[in-house]
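One structure is given below, encoded as C-alpha cells.
Fair warning: this is a prediction, and the values are worked out from it, not measured in the lab. Just so it is clear: chains get the letters A, B, ... in the order the sequence lines come, proteins before strands, and each one is counted from 1.
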There are 2 protein chains.
Amino acid sequence: MTETSPDTTPRADAFPEPAVDEIHLEAVLHALADPVRLRIVSSLAECAGEVNCLAFDVPVAKSTLTHHFRVLREAGVIRQVRRGTSKMNTLRGEDLAARFPGLLDSVVAGYRDCHRPGGAGA
Amino acid sequence: MTETSPDTTPRADAFPEPAVDEIHLEAVLHALADPVRLRIVSSLAECAGEVNCLAFDVPVAKSTLTHHFRVLREAGVIRQVRRGTSKMNTLRGEDLAARFPGLLDSVVAGYRDCHRPGGAGA
DNA sequence: GTCAAACTACGACGATCCTCGTACTATGGG
DNA sequence: CCCATAGTACGAGGATCGTCGTAGTTTGAC
C-alpha cells in the first residue's frame, strides 16, 4: 500500500504492537516482573530516546534479548522500529500513561530507588 | 518469648511478612501479574477492611487460594492475621505507598478500568 | 471429648517461562 | 558480488508457576 510515495529514509518499518485500548494490565505487569526487562525499561526511561537492541549490557545471549524485547513490545511497553540493520526501541510512555496513569512512573522510580546505594534497602 | 503476658484477645497471631525496606519491586510485580491475585487485591482495596480467605468467589480450589495468599503476603502486598479459625487479610496500602508511591493505586485503578463495561477496552 | 469449620502441607501434573546455541534472514557497505 | 552487522526462528533443557486432591492441623463451639 502507498508504494508510490518516494521513500527517502533508510527504512523505518514498525513492528506489530497492541493499540492503546488493547494493552492488558496483566501483560504489562508480567512484562515488568523480570529483572532483565525491568533493567531494559529503566534504561529506556533514562535515556528517553531510541536505543538499538544490542546496546544493553545485560548478561544474556543475543537470542534471549530478542525474546525479552518481543515480550515488552507485545505487552505494549515499548515500540520497535527498524532503521537499517538495527532495531530502535522506545518506551511507549504516553500510551502507557493514558491507559494506566502513574504505573510506569512508579515502577521506574521504584526500580531506581532499589538500585541506588543508600536507597530504601533491598 | 514473652509468654508471661496475659493474652485476653481471642487470638490474633500475625504471619511472617517482609519489612517495608525488604519489599522487592519484582516480587510485588510478579505477585500482581496473576488474574486471581489481581482480583483478590482489587477486592481488598474496595472493601478496605479485613476479609477472610474463603470469602472470595474466585473459581479455584481452597488449597490454591492458600497458595495465592501466601504469595501476596511474602511479597509484602497483604498482611495476614488469624482470628479464631479464620485468617483475616488486609492490604498493606501504606507500606506499599511508602516503598513504591502510586504503584498500588495505579494498578487497582487500572484493574477496575479494565473490568468495567464501557471501560477502556480489553 | 467430640465435632465442624477454616486453613495448611504435601505431592503431582501440566503449562508457561527463561535461557541458550545454532542456523538462518535481512540490510547496507565496499 | 561478497561480506559484516543486527537481529530472528527454532528447538531444547531446566526452572518456576498455577492448579488440584487428599490428608492433616488448628481453633472454637457444643
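Nearest nucleotide to the A/His68 side chain, out of D/dT19, C/dT19, D/dA6: C/dT19.
D/dG18 atom P lies 5 Å from atom CG of B/Asp34, rounded to whole Å. Distance, A/Leu29 CG to C/dT16 P: 19 Å, rounded to whole Å. The CG atom of A/Leu65 sits 18 Å away from the P atom of D/dT5 (whole-angstrom rounding). In this structure, CD of B/Glu74 is placed 11 Å from P of D/dC17, rounded to the nearest angstrom. Rounded to an integer number of Å, the gap from CD of A/Glu26 to P of D/dC17 is 17 Å. The interatomic distance linking B/Phe69 (CZ) with D/dC17 (P) rounds to 19 Å, in whole Å. Rounded to whole Å, the distance from NZ on A/Lys62 to P on D/dA4 is 14 Å. Between the C1' atom of D/dT8 and the CZ atom of A/Arg73 lies a distance of 11 Å, rounded to the nearest Å.
Between A/Phe69 and A/Phe56, the ring centre distance stays below 6.0 Å.
Residue A/His67 has no polar side-chain atom (N or O) positioned under 4.0 Å from OP1 or OP2 of D/dG7. Applying the 4.0 Å criterion to OP1 and OP2 of C/dC18, one finds that A/Arg37 has a side-chain N or O inside that range. Between B/Thr66 and C/dT8 there is a side-chain N or O to OP1 or OP2 distance below 4.0 Å. OP1 or OP2 of C/dT27 sits under 4.0 Å from a side-chain N or O of A/Arg82. Of the side-chain N and O atoms in B/Arg70, none sit less than 4.0 angstrom from OP1 or OP2 of C/dC7. Side-chain nitrogen and oxygen atoms of B/Thr64 include none within less than 4.0 Å of the OP1 or OP2 phosphate oxygen of D/dG18. Taking side-chain N and O atoms only, A/His30 has no distance below 4.0 Å to OP1 or OP2 of C/dT16.
Between A/Ser106 and B/Pro101, every side-chain heavy-atom pair lies at or beyond the 4.5 Å cut-off.
Residues that satisfy the side-chain contact (heavy atoms from CB on, under 4.5 Å) test with B/Asp105, not counting sequence neighbours, are absent from this structure.
For the atom pair NE2 of B/His24 and NE2 of B/His30, the computed distance is 14.0 Å after rounding to the nearest 0.5 Å.
Along DNA chain D, the nucleotide nearest A/Thr85 and the nucleotide nearest A/Ser63 are compared for position; the residue whose nucleotide lies closer to the 5' end is A/Thr85.
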Exercise. Give the C-alpha distance, both sets of side-chain angles, the deciding distance and a yes or no for salt bridge (Lys or Arg N to Asp or Glu O under 4.0 Å) between B/Asp95 and B/Arg79.
Key: CA-CA 10 Å; B/Asp95 292 344; B/Arg79 170 168 294 126; 3.3 Å; yes
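Not a single donor-acceptor contact under 3.5 angstrom links the side-chain atoms of A/Lys87 to the base of D/dG7.
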